[in-house]
Amino acid sequence: MSTFKDADEVYTYIGKAMEACVQDPTFVEATKDGSLVVQITQTDPPASILVDFPGQKVLTGDAAAAAPSTVQLRMSSDNANRFWQGQLNFTLAMAQRKVKLDGKRTTALGLLPLTGPIFDKYKAILTEAGRTDLLVG
C-alpha cells in the first residue's frame with residue numbers, strides 16, 4: 001500500500017514542496033540561465049509533476065504529463081516521499097533502479113547538493129498539515 005491515498009495527496013504535499021523549490025533563491029540562481037524542466041512521474045499512486053525552473057512554475061496532473069521537459073525522473077510515490085525528506089540516497093536508488101533519470105542528467109545531478117533546504121520545507125509542509133504519518137527516519 002502506498003504512503004499516499006491518491007494523486008491529489010501527492011500534489012498537495014510534494015507539489016507544494018516543488019513550488020517552494022522553484023521560488024528558493026538558491027535554485028533560482030542555479031537555474032536562471034538554463035533550460036531545466038523536470039518531469040517527475042510517480043507510481044502508486046500515479047502522479048505527474050512538472051517543475052519548470054526557468055519559468056518558476058509547477059504543473060501537476062495531465063498538464064504536467066503533456067508538457068515538454070529536459071529531464072525525466074521516474075520513481076514510486078513512496079520513494080519520492082523518502083527522497084524529499086533526505087531519506088533516500090539518490091545515487092544508490094538509481095543504481096538499484098528504484099529511480100530512473102533520463103535527459104540532461106548532469107544538470108539534474110548537479111542540483112542535488114542544493115536540495116537540503118527543500119527537505120526541511122517538505123517536512124514542515126507535512127508537519128503543518130498534520131501528516132506526521134508521512135515522516136520517515
Quick check: is [Y] connected to [X] through a chain of hydrophobic side chains (ILVMFWY, heavy atoms under 4.5 Å apart)?
X	Y	answer
I118	L111	yes
V99	V136	no
I49	L59	no
V38	L50	no
V51	L109	yes

Is there a donor-acceptor contact under 3.5 Å from the side chain of [X] to the main chain of [Y]?
X	Y	result
Y122	K16	no
Q56	V22	yes
T70	V37	yes
N81	L134	yes

So how far is it from [X] [atom1] to [Y] [atom2], rounded to the nearest 0.5 Å?
X	Y	atom1	atom2	value
S69	K104	OG	NZ	11.0 Å
W84	N79	CH2	CG	13.0 Å
M75	D44	CE	CG	14.0 Å
E29	K32	CD	NZ	3.5 Å
R105	L73	CZ	CG	10.5 Å
F83	I14	CZ	CD1	10.5 Å

Do the non-hydrogen side-chain atoms of K123 and D120 ever get within less than 4.5 Å of each other?
-> yes
Beyond-backbone contact of L101 with F90, side-chain heavy atoms, under 4.5 angstrom | yes
Please report the shortest heavy-atom distance between [X] and [Y], naming the atom on each side.
X	Y	result
Q42	S76	CB-C, 4.5 Å
P117	D24	CB-OD1, 4.4 Å
S77	P45	OG-O, 3.1 Å
Q72	G103	OE1-N, 3.7 Å
R131	T3	NH2-O, 4.1 Å
L135	Q85	CA-OE1, 3.3 Å

Going through the checks in order, is the side chain to side chain contact (heavy atoms under 4.5 Å, CB included) test met by R74 and D102?
-> CA-CA 9 Å; R74 290 180 303 283; D102 296 311; 2.7 Å; yes
Angle class for the F27/F53 ring planes (parallel below 30°, perpendicular above 60°, tilted otherwise)?
-> parallel
Does a sphere of radius 6.0 Å around CG in D62 hold more than 12 heavy atoms from other residues, nucleotides or ligands, not counting ones at 6.0 Å or beyond?
-> no
Taking ILVMFWY side chains as joined if any heavy atoms are under 4.5 angstrom apart, and letting links pass through other members, which residues group with L92?
-> none
